[in-house]
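Some notes on the structure that comes next.
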Amino acid sequence: MSVALTLTEPRPRRAAPRHLAELDPAECRSVLTDIGQPAFRAKQLRNQYFGRYVGDATLMTDLPAAAREAIGEALLPRLLEPVRLDDCDAGETVKAVWRLHDGALVESVIMAYPDRVTACVSSQAGCGMACPFCATGQAGLTRNLTTAEIVDQVVNCARIAAERGLGRLSHIVFMGMGEPLANWPRLKAALRRITDPVPDGVGLSARHVTVSTVGLVPAMRKLADEGLPVTLAVSLHAPDDELRDELVPVNTRWKVAEVLEAAWEYAAVTKRRVSIEYAMIRDVNDQPWRADLLGKLLAGKLVHVNLIPLNPTPGSRWDASPKPVEAEFVRRLREAGVPTTVRDTRGQEIDGACGQLAASEREAGSAGPSEAPASAGAAS
Ligand code: SAH
């Protein structure tokens, strides 16, 4: 199966409704004034939504009962309709499938750890980057998510984590569906809403937010210019252009050397360690010589390598590297002085692991063999 790389921006099929999640305080006050409400309600609403993760105006008891419906209609339309909510790993991984106002489907994954709760969120419905080992990439791009759709995933994940006793949401990774830097203007606004302090935003530390990219060099530079110290993760997957052209097709546009150059600029501007993602694919990119070449490219840089055991996707000819091969790859990178870790593989049974997110495919066809039964919990 081969899918074409899409670098142009698709138009949304229908405008998404306006939502509090994408408004700054002044915009929010002006909407309230327009519907005949006092501007001070903006702060109440924002405290409820960004601080307490309440997305339904009828539940906001600090608003007059008679005003709740009008305020809800103007500022809190339902953006994400829960389609399913599955969990695994003893309840510590939860995958949510959401239906958007136009029927597009996206997924978010919540992962609870002893010291943190991470939400993996989507930036697009589908993806146009066409990486052949990634389930999302196989379906192509449906559309960009709006800022509000991105932020509302974060708020919904925070609420689900709290409701399930998993703890307070602390980290966000843009490693769900889509290429975040291909949706730059919406991503940029979402990063503000996510990191601005309550009641202006969700109040997460920028250091706890990771933006993962295939290496869209111009947008990597824009991200550096934002002055927000978010963590940048680069999906490298091969140290040489010949193989990377195949594994990450956008490499035909921006080569390994250019992508790494932009990554080092990012590290220099933000003083943040850049994360290099490398999916370990058996007999494809896991040879000792590739470990050595990667080590040479990265040695001495402000960098960390995250090896991801490949999650084979349906119909793919590729498999994960055997553990001893992976261990040797790690050893060689460390020997070159490059800090390296292997990512845990959360969420596999619910198709919630890296590269497994493919809601639209699953909805269109029948349930795959690994589809887990829906959990008893409801999203609301
Ligand atoms: N578009 C962004 C976010 C994608 S998902 C990016 O490419 O960085 C986050 C990571 O999961 C990326 O490094 C991606 O390459 C990786 N990934 C995709 N499919 C995978 C699979 N089947 N197994 C393991 N990792 C995968």
Side-chain angles (χ1 to χ4, degrees), residues 1 3 5-7 95 106-109 111 118-141 144-145 150 153 171-184 187 209-217 219-220 223 230-238 243-244 246-251 253-254 259 262-263 266 274-282 284-286 304-321 326 341-348 351-359 361 368 370:
M1 184 161 33
V3 181
L5 175 68
T6 313
L7 280 174
K95 184 179 79 170
V106 293
E107 304 182 358
S108 323
V109 183
M111 291 159 285
T118 301
C120 175
V121 298
S122 298
S123 54
Q124 301 181 309
C127 186
M129 297 300 116
C131 302
F133 55 90
C134 173
T136 309
Q138 298 319 293
L141 178 61
N144 281 320
L145 298 191
I150 296 171
Q153 283 175 75
H171 290 66
I172 301 294
V173 294
F174 281 91
M175 295 186 184
M177 303 171 92
E179 166 52 41
L181 293 187
N183 189 13
W184 169 247
L187 176 78
V209 175
T210 299
V211 173
S212 179
T213 181
V214 287
L216 303 185
V217 167
M220 288 167 74
L223 183 63
V230 299
T231 300
L232 178 69
V234 175
S235 296
L236 200 66
H237 304 314
L243 179 57
R244 194 166 191 269
E246 183 189 353
L247 295 182
V248 185
V250 79
N251 195 68
R253 180 73 181 75
W254 293 285
V259 170
Y266 189 84
V274 172
S275 179
I276 299 290
E277 292 164 279
Y278 199 103
M280 292 291 287
I281 314 178
R282 178 182 207 140
V284 173
N285 65 353
D286 61 357
H304 168 265
V305 173
N306 218 318
L307 297 180
I308 316 173
L310 182 83
N311 286 301
T313 56
S316 156
R317 59 186 188 282
W318 287 318
D319 207 349
S321 302
E326 181 186 280
T341 49
V342 178
R343 179 172 301 172
D344 72 3
T345 48
R346 283 288 189 97
Q348 281 177 320
D351 289 350
C354 293
Q356 289 187 326
L357 303 185
E361 262 191 344
S370 61

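Numbering of ligands and ligand atoms starts at 1, following listing order. Quick note: numbers below take in every heavy atom, side chains included, and nothing from hydrogens, waters or symmetry partners. Here, residue 1 is the first one in the sequence, and each next residue gets the next number.
Applying the salt bridge (charged side-chain N to carboxylate O under 4.0 Å, His left out) test to R253 and every residue at least two apart in sequence or in another chain returns nothing. Every residue meeting the side-chain contact (heavy atoms from CB on, under 4.5 Å) condition with S275, not counting sequence neighbours, appears here in chain and number order: A233, H304, N306.
Of the options N311, T345, T210, the smallest heavy-atom separation from atom 22 (N) of ligand 1 is shown by N311. Looking at H237, Q138, M280, it is H237 that brings a heavy atom closest to atom 14 (C) of ligand 1. For atom 17 (N) of ligand 1, the candidate residues are F174, F133, W318, Y278; the nearest heavy-atom contact is made by F133.
Interface of C134 with ligand 1, defined as ligand atoms under 4.0 Å from a residue heavy atom, comprises 18 (C), 19 (N). Near T213, meaning under 4.0 Å from one of its heavy atoms, ligand 1 places the atoms 6 (C), 8 (O). Counting atoms of ligand 1 from 1 in the listed order, those under 4.0 Å from a heavy atom of G178 are 1 (N), 2 (C), 3 (C).
Under a 4.0 Å heavy-atom criterion, Q356 is not in contact with ligand 1.
In this structure, W184 CH2 and L223 CG are separated by 4.5 Å, a value rounded to the nearest 0.5 Å.
For the pair S316 (side chain) and F133 (backbone), a donor-acceptor distance under 3.5 Å is absent. When atom types are taken as modelled, the side chain of S122 and the backbone of Q124 share no donor-acceptor pair closer than 3.5 angstrom. In this structure, D286 contributes its side chain and E326 its backbone to no donor-acceptor pair below 3.5 Å. Remark: side-chain polar atoms of N183 are paired, donor with acceptor, to backbone N or O of L145 under 3.5 angstrom. In terms of modelled atom types and a separation under 3.5 Å, the side chain of E179 and the main chain of V214 share a donor-acceptor contact.
Of the protein's non-hydrogen atoms, the one nearest atom 16 (C) of ligand 1 is I308 CD1, 4.1 Å. Regarding atom 20 (C) of ligand 1, its nearest protein heavy-atom neighbour is G355 CA, 3.3 Å. Protein heavy atom nearest atom 13 (O) of ligand 1, with residue, atom name and distance: S235 OG, 2.6 Å. Ranking the protein heavy atoms by distance from atom 9 (C) of ligand 1 puts M175 CB, 3.6 Å first. When hydrogens are left out, the protein atom nearest atom 21 (C) of ligand 1 is C354 O, 3.4 Å; that is the closest non-hydrogen contact.
Between the side chains of T313 and Q138, no donor N or O sits under 3.5 Å from an acceptor N or O.
Contacts between E277 and ligand 1, counted as non-hydrogen atom pairs separated by less than 4.0 Å, involve the side chain only.
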